[in-house]
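Below is one structure, written out as structure tokens; the observations come after it.
Values below: all heavy atoms of this structure, side chains included; hydrogens, waters and symmetry mates excluded. In each ligand, atom 1 is the first atom listed, and ligand 1 is the first ligand listed. By convention here, the first residue in the shown sequence is residue 1.
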Amino acid sequence: MRLDDSALLQTRCWIDGEWRDAASGKEIAVTNPSTGAVVAQVASGGKAEAEAAIAAADRALPAWRALTAKERSGIIRRWHDLIVAAADDLAAILTSEQGKPFAEARGEILYGAAFFEFYAEEAKRVYGETLPSYAADRRLLAIRQPIGVVAAITPWNFPMAMIPRKAAPALAAGCTMVLKPASATPLSALALAELGRRAGLPDGVFNVVPGSAREVGDALVESEVVRKLTFTGSTEVGRTLMAGAARTIKKVALELGGNAPVIVFDDADLDAAIEGTIATKFRNMGQTCVCANRIYVQAGIHDRFAEALAARVRAMKIGDGFEADVQQGPLIDMAAVEKCEQHIADALEKGAQVIAGGGRHALGGSFFEPTVLAGADASMLIAREETFGPVAPIFRFETEDEVIAAANDTEYGLAAYFFTRDHGRVWRVGEALEFGIVGVNTGATSYEGAPFGGVKASGIGREGSRHGIDEFLELKYLCIAGISALP
Ligand SMILES: NC(=O)C1=CN([C@@H]2O[C@H](COP(=O)(O)OP(=O)(O)OC[C@H]3O[C@@H](n4cnc5c(N)ncnc54)[C@H](OP(=O)(O)O)[C@@H]3O)[C@@H](O)[C@H]2O)C=CC1
Ligand SMILES: O=C(O)[C@H](O)CS(=O)(=O)O
């Protein structure tokens, strides 16, 4: 990995303004999914490091929350500026540890930085309220205050952007944070910590403890000091964390798994539907929680759509993320490859047909052919489970009512997409879909100024937008008596 600024490659825990080895001496070998090479050995923190980070965040809280919103805003804005200036280095680190094409990695860096830009401004808009009093001698107020020490746990698929999506509103609100990044991709988080230091974050405000999910995670969940847990990852782990947080009555925010439907109606713009389906299905090699998992195509446009999508997928360039013009890199690991193989095999066994791709790529390792299946139906695993890989199953449908029922027939409720040029249908289907995010005539919806989050098994809470900072604030009611005129 060639960096202009080698100091961005950090490999130890970041606790209370210091780089620390793990007391246990344990390390995580961070490997490049494309080459299998070890990119770095990173300190693998445990209970000791997690507890030290929680204590540091607790010590830093009073002074950080006492800063004015404008002072916190200035530091967060500088963090944004430093990230943008280092985008190429940060993208190189991200592609090295996660595998996505460099251009996509750089896009993720800028997307993540945008949350710091957005919440540097929102910090200054944390308003309170005066309330009409119920008595002449009283004045009533509702004020918003930072919730306190926040624990954040983030996934490997967006090693950078998921962190500012939590840290920016939390720190803007006056909270302090302990972050556990995914073990597969800790380097992006540590580079972010280095840039936060340079931006002027006081020691202990932002701490990063790579390491054992169990040891670090349990310490964060069990701590009485941690008042908020914000998690992005699988629904299975989200359930575990939510249950654990109950013991200390922590607030939780959960951005979990998805099973997004794409619906293409007969009246859709075919080109827009193809572009949008590719955007939502194959971004990050299909490894995003908002990726299309099921593609429903109405009978009248079905064959044209299937042929056009298969042609585009066959033409995709697969390769190492650092290679020019590569559109699909490797999957994160062999477990991801095996999940795709399982879903394809099950679908074929139940009557589906491969019309593009179909299996492991000739490049070997965790490279996988972007795949399109025709003839998919609700009996298949791919209809019920999140594939989290580059496999696009096409389901044929006849009527609007039928496809709304099919699209909603899932435990998940994160993102959904549909393509139509009928404005009445835009409202009917947009309102009927049971998902937190709905893209109409587009497969790309993510934006720091919009609320991101799901319903049902896809989670609780919203990130991004003016709503995202409320996740890190408590509302306090002040009832001030004794105001009657002096005798
Ligand atoms: N809604 C959203 O925005 C997103 C949802 N996801 C979902 O996450 C899944 C894939 O991501 P993936 O990273 O594999 O998800 P995981 O849930 O396996 O891991 C996510 C994070 O949780 C940590 N973790 C795992 N088990 C525990 C535990 N028992 N206690 C505390 N922390 C734990 C992991 O640590 P470690 O790495 O050390 O195991 C990692 O940092 C998919 O289902 C995807 O849909 C992913 C991204 C975004
Ligand atoms: O992890 C994910 O899948 C992201 O939340 C999706 S997005 O916000 O980058 O679109």
Kindly identify the option in [options] whose heavy atom sits closest to [atom].
atom	options	answer
atom 44 (C) of ligand 1	Tyr412, Phe158, Phe388	Phe388
atom 26 (N) of ligand 1	Val237, Thr232, Thr185, Val290	Val237
atom 5 (C) of ligand 1	Leu256, Asn259, Asn157	Leu256
atom 2 (C) of ligand 2	Gly107, Gly257, Cys289, Ser446	Cys289

Atom of Gly244, atom of Val221 and distance for their closest heavy-atom approach: C-CG1, 3.3 Å

Among Phe305, Phe419, Phe395, Phe418, ring-ring contact (aromatic ring centres under 6.0 Å, His included) partner for Tyr296: Phe395

Which is it for [X] and ligand 2 at heavy atoms under 4.0 Å: side chain, backbone, both or neither?
X	answer
Asn284	neither
Glu255	neither
Arg165	side chain

Numbered atoms and elements of ligand 1 in range of [X], under 4.0 angstrom, heavy atoms:
X	value
Gly257	45 (O)
Thr154	21 (C), 40 (C), 41 (O)
Gly217	31 (C)
Leu414	1 (N)
Trp156	11 (O), 12 (P), 13 (O), 14 (O)

With the side chain counted from C-beta on, respond yes when [X] and [Y] share a heavy-atom pair under 4.5 Å apart, and no when they do not.
X	Y	answer
Phe368	Val391	yes
Leu256	Cys289	no
Leu229	Lys251	no
Lys26	Glu215	yes
Cys13	Val208	no

Arg283-ligand 2 polar pair, N/O distance under 3.5 Å: yes

Any N or O of Thr232 closer than 3.5 Å to N or O of ligand 2: no

Validation row, ring centre Tyr119 to ring centre Trp79 under 6.0 Å: no

For Phe115, the option from His80, Glu463, Arg165 that meets side chain to side chain contact (heavy atoms under 4.5 Å, CB included): Arg165

N or O contact, Thr240 vs ligand 1, cut-off under 3.5 Å: no

N or O pair under 3.5 Å between Thr235 and ligand 1: no

N-O pairing of Asp377 and Lys350 below 4.0 Å: no

Nearest neighbour in protein (non-hydrogen) for atom 23 (C) of ligand 1: Ile153 CG2, 3.6 Å

